[in-house]
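Here the structure is a predicted model, which is why all the values come from computation and not from measurement. For reference, positions follow the sequence shown, starting with 1.
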Amino acid sequence: MMRKKNRVYGILGIKSVMANWNADFTGRPKTTGNKDIFGSDKALKYPIKVKWNEESEKVLYMKSFKIENKGNADEKDKLQPKTLAERYAEIFKNNIDDKTSSREVLNNLFSAIDVMNFGATFAEKKQNISITGAVQIGQGFNKYADSRIEVQDILSPFKNPKKEGADASSLGTKIVSDEAHYFYSFSVNPFSYDNYLGIIDNFDGYTEEAYQKFKEASLVAATSFNTNSKFGCENEFALYIECNDDSKLYLGDIAQYLKFSKEEDLGLIDLRGLDFIDESNIVNQIKNIEIYYNPYTTKLLGSFNGMDITYKNIFTSEVIKWNV
């Protein structure tokens with residue numbers, strides 16, 4: 001497998017209509033202390049991992065279950081999540097014990113696509129391993145100022161047996177945002193794993209194949225992940241800026257320069273805050289730029305001062321003409 005030799009910076013945009021992209025412990029969309037709606041990096045990584053799992057990739061950090069046939073009465077024959085050690089044994093087909101070498105554990109960990117991309121914190125049986133992921137995803141802030149939180153009452157078909165005197169079906173609630181547009185910055189640093197070169201047998205570091213699997217999943221994960229609360233969430237935008245192999249460019253959180261508004265039923269993604277990328281000392285360090293978006297509901301404002309950029313339909317990946 002070919003080692004990746006260049007860094008990537010980008011933005012991933014998630015649209016949420018009458019849905020709850022990332023809930024807090026009260027069931028409401030997550031907000032900061034200033035009431036700004038946001039989604040955590042975990043909210044985006046999870047559907048990406050689900051997509052990989054559906055494609056039969058090895059995914060370590062994903063909940064799986066067992067029914068315990070031993071133990072006390074409260075645990076026996078009950079559905080329970082597996083421990084990290086049990087999940088490790090399930091994925092890699094071998095148990096970990098006090099005699100297991102760190103080389104073996106590292107080799108197994110890096111064979112999992114989620115660890116190869118996002119890193120891992122692994123502490124089992126004298127193995128205390130922390131891997132900083134090559135792919136780092138920030139917090140995704142909602143850029144749509146007119147978002148509102150809606151609370152829906154839901155009637156259960158069943159009586160609540162814990163409520164004394166209850167003679168009718170119980171009520172529940174579903175909390176959603178009427179419309180929100182989350183934008184996540186991400187970076188890909190293929191040199192994050194250089195410390196493991198020469199330690200793990202036949203390990204080449206972060207690979208181009210791993211990056212392509214991240215890219216492919218990042219374009220469709222939200223759209224394909226149709227749970228009850230996530231139905232209405234979809235991928236609507238993606239920006240990938242690939243640096244030259246020898247580039248010294250570090251861009252950081254580029255989603256902060258992006259704005260979103262509405263024009264009737266059309267979403268407007270304003271990229272003009274990113275025009276600084278066209279400065280010669282920056283653009284000369286960039287190999288290529290790709291932008292994916294939903295041309296049926298979205299219009300882009302700005303074009304990085306006319307740079308040579310490839311625009312693609314986020315659903316079909318077909319090249320499209322930039323819509324001024």
Side-chain angles (χ1 to χ4, degrees), residues 10-23 29-31 36-39 43-44 46-48 50-51 137-150 152 174-186 214-241 254-275 289-304 306-307 309-324:
I11 301 172
L12 299 172
I14 307 297
K15 175 183 179 181
S16 174
V17 176
M18 294 304 291
N20 194 342
W21 170 244
N22 190 195
K30 275 189 175 178
T31 57
D36 294 323
I37 297 174
F38 77 100
L44 182 55
Y46 183 72
I48 290 175
V50 169
K51 185 63 179 174
I137 300 176
Q139 306 297 296
F141 281 90
N142 170 42
K143 299 280 188 174
Y144 184 42
D146 292 333
S147 292
R148 295 186 301 272
I149 295 176
E150 306 281 350
Q152 305 172 11
K174 180 178 180 180
I175 306 175
V176 299
S177 53
D178 65 337
E179 183 172 354
H181 297 264
Y182 299 85
F183 292 91
Y184 288 85
S185 288
F186 73 88
F214 162 71
K215 182 180 178 183
E216 290 167 7
S218 70
L219 284 167
V220 300
T223 306
S224 67
F225 187 56
N226 285 332
T227 66
N228 181 268
S229 64
K230 300 298 187 296
F231 189 86
C233 297
E234 65 181 48
N235 296 81
E236 70 168 342
F237 178 82
L239 165 66
Y240 303 91
I241 301 174
I254 57 177
Q256 65 181 305
Y257 304 109
L258 181 151
K259 296 179 181 179
F260 182 92
S261 59
K262 294 291 292 287
E263 185 179 83
E264 296 180 347
D265 292 332
L266 198 64
L268 305 178
I269 298 178
D270 191 343
L271 303 173
R272 289 173 292 190
L274 289 164
D275 279 350
I289 298 177
E290 286 184 306
I291 291 178
Y292 294 75
Y293 70 103
N294 182 345
Y296 315 113
T297 62
T298 306
K299 181 178 180 179
L300 306 183
L301 302 178
S303 60
F304 298 93
M307 288 177 59
I309 299 172
T310 302
Y311 296 87
K312 294 184 178 181
N313 184 313
I314 199 166
F315 299 124
T316 66
S317 294
E318 294 178 346
V319 176
I320 55 178
K321 185 178 180 180
W322 173 60
N323 62 340
V324 293

Student: Are D275 and Y257 linked by a side-chain donor-acceptor pair shorter than 3.5 Å?
Tutor: no
Student: Applying side chain to side chain contact (heavy atoms under 4.5 Å, CB included) between I291 and each of I314, L271, I320, T310, report the one that passes.
Tutor: L271
Student: Rounded at 0.5 Å granularity, tell me how far OG1 in T298 sits from CZ in F237.
Tutor: 9.5 Å
Student: Can you name the side-chain hydrogen bond (donor to acceptor under 3.5 Å, both in side chains) partners of K259, sequence neighbours left out?
Tutor: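 Expected list: none.
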Student: Could you give the distance from CG (L44) to SG (C233), rounded to the nearest 0.5 Å?
Tutor: 11.0 Å
Student: Where is the tightest heavy-atom contact between P29 and I37, given as atom of each residue plus distance?
Tutor: CB-CG2, 4.3 Å
Student: What pair of heavy atoms forms the shortest contact from L268 to E263, and how long is it?
Tutor: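 Looking at all heavy atoms of both residues, the closest pair is CD1-CB, 3.7 Å.
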Student: So, N22 side chain and K30 main chain: donor-acceptor pair closer than 3.5 Å or not?
Tutor: no
Student: Does F260 reach the side chain of K15, with side-chain heavy atoms less than 4.5 Å apart?
Tutor: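 The answer is no; the side chains never approach within 4.5 Å.
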Student: Please evaluate residues L239 and L258 with respect to the criterion side chain to side chain contact (heavy atoms under 4.5 Å, CB included), reporting the C-alpha separation (whole Å), side-chain torsions for both, the decisive distance (0.1 Å), and the verdict.
Tutor: CA-CA 11 Å; L239 165 66; L258 181 151; over 6 Å; no
Student: Roughly how far, to the nearest 0.5 Å, is the OG atom of S224 from the CD1 atom of I48?
Tutor: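 Interatomic distance, I48 CD1 to S224 OG, rounded to 0.5 Å: 10.0 Å.
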Student: Assert yes or no for the condition that the ring centre distance of F186 to Y240 is strictly below 6.0 Å.
Tutor: yes
Student: Under the side chain to side chain contact (heavy atoms under 4.5 Å, CB included) rule, what do I269 and H181 come out as? Steps first, then yes or no, please.
Tutor: CA-CA 10 Å; I269 298 178; H181 297 264; over 6 Å; no
Student: Check for a donor-acceptor pair, side chain of K143 on one end and backbone N or O of A255 on the other, with a separation under 3.5 Å.
Tutor: yes
Student: In terms of relative ring orientation, are Y182 and W21 parallel, tilted or perpendicular, with 30° and 60° separating the classes?
Tutor: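 Taking W21 first and then Y182, their aromatic rings sit tilted (interplane angle of 30° to 60°).
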Student: Dump the intermediate steps for side chain to side chain contact (heavy atoms under 4.5 Å, CB included) on K51 and V220, then the final yes or no.
Tutor: CA-CA 8 Å; K51 185 63 179 174; V220 300; 3.9 Å; yes
Student: Where is the tightest heavy-atom contact between S177 and S16, given as atom of each residue plus distance?
Tutor: OG-OG, 3.8 Å
Student: Which distance, rounded to the nearest 0.5 Å, do you find between the OH of Y184 and the CD of Q139?
Tutor: 7.5 Å
Student: Would you give the length of the straight line joining atom OH of Y292 to atom OH of Y311, rounded to the nearest 0.5 angstrom?
Tutor: 13.5 Å
Student: For the residue pair D270 and S261, establish whether any side-chain heavy-atom pair is separated by less than 4.5 Å.
Tutor: no
Student: Atom CD of E179 and atom CD of E150: how far apart are they, to the nearest 0.5 Å?
Tutor: 11.5 Å
Student: Side chain of D178, backbone of R148: donor and acceptor closer than 3.5 Å?
Tutor: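 Yes.
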Student: Might you work through the side chain to side chain contact (heavy atoms under 4.5 Å, CB included) test for N235 and L12, ending with a clear yes or no?
Tutor: CA-CA 8 Å; N235 296 81; L12 299 172; 5.8 Å; no
Student: With a 4.5 Å limit on heavy-atom distance, are the side chains of E290 and K215 in contact?
Tutor: yes
